[in-house]
Peer 1: 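Dropping a structure here in structure tokens format, bear with me for questions.
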Amino acid sequence: MSEQGKSDEWDSLWQEYTKSLENWKSLFEQIQNSSNDMQSKFNQVWDKATVESSAETMKLFGENWQKAMNEAGMQSFKEFGENWQKALNDSNASVFKQFAENWQKTLSSSGLEQMQAYGEMMKKFAETWNSMWPRSQ
């Protein structure tokens, strides 16, 4: 292969790589923005729930949410259940808020596998919420 052919091949490969990198960066930024938006909305829901719900309602919600995750095969959230129980034992709104902040930070701060797990956890949160407080149609 001529020097020109090698140069053209290199340029083409480099262009493909940089295009892939730009696509990845764009998708990553979209995921970050979506995650931030979802966390913000979750925090609003969580704050409202802890202020307007009894400790018994929060306990029932936590049990239902944990059950939904277990049924979905999300056994890796044993620590979630343990921390949830600690929060229930205190039943102070600030403890519930700290609990939510801690596990969100842990799950959303590392790797694709954790990001997928975080998405599943938030999906189960929404499903559990809707089963306890269905939206009017």
Peer 1: Minimum heavy-atom separation for T57 and M132, please, with both atom names.
Peer 2: O-CE, 4.2 Å
Peer 1: For the pair E127 and K124, find out whether any cationic side-chain nitrogen is under 4.0 Å from an anionic carboxylate oxygen.
Peer 2: yes
Peer 1: If the condition is side-chain contact (heavy atoms from CB on, under 4.5 Å), which residues does E52 pass it with, not counting sequence neighbours?
Peer 2: K48
Peer 1: From D8 CG over to L13 CG, what is the distance, rounded to the nearest 0.5 angstrom?
Peer 2: 12.5 Å
Peer 1: Hey, is the main chain of W46 close enough, under 3.5 Å, to the side chain of T50 for a donor-acceptor pair?
Peer 2: yes
Peer 1: Of the non-hydrogen atoms in A49 and M58, which two are nearest, and what is the gap between them?
Peer 2: O-SD, 3.9 Å
Peer 1: Report yes if the side chains of E63 and K67 come closer than 4.5 Å at any heavy-atom pair, otherwise no.
Peer 2: no
Peer 1: Between L21 and Y17, is a side-chain contact (heavy atoms from CB on, under 4.5 Å) present by the stated rule, with each step listed?
Peer 2: CA-CA 6 Å; L21 182 60; Y17 170 78; 4.2 Å; yes
Peer 1: Start with the C-alpha distance between N36 and S40, add both sets of side-chain angles, then the distance that settles side-chain contact (heavy atoms from CB on, under 4.5 Å), and finish with yes or no.
Peer 2: CA-CA 6 Å; N36 290 340; S40 173; over 6 Å; no
Peer 1: Could you work out, with ring-ring contact (aromatic ring centres under 6.0 Å, His included) as the rule, every residue matching W24, not counting sequence neighbours?
Peer 2: F28
Peer 1: For the atom pair CG (N64) and NZ (K59), what is the distance rounded to the nearest 0.5 Å?
Peer 2: 12.0 Å
Peer 1: Could you tell me the separation between the OG1 atom of T18 and the NZ atom of K25, rounded to the nearest 0.5 Å?
Peer 2: 12.5 Å
Peer 1: Between S131 (side chain only) and T128 (backbone N and O only), is there a donor and an acceptor less than 3.5 Å apart?
Peer 2: yes
Peer 1: Kindly say whether A126 contributes a backbone atom to a donor-acceptor pair with the side chain of N130 at under 3.5 angstrom?
Peer 2: no
Peer 1: Between F61 and W65, how do the two ring planes meet: parallel, tilted or perpendicular, split at 30° and 60°?
Peer 2: tilted
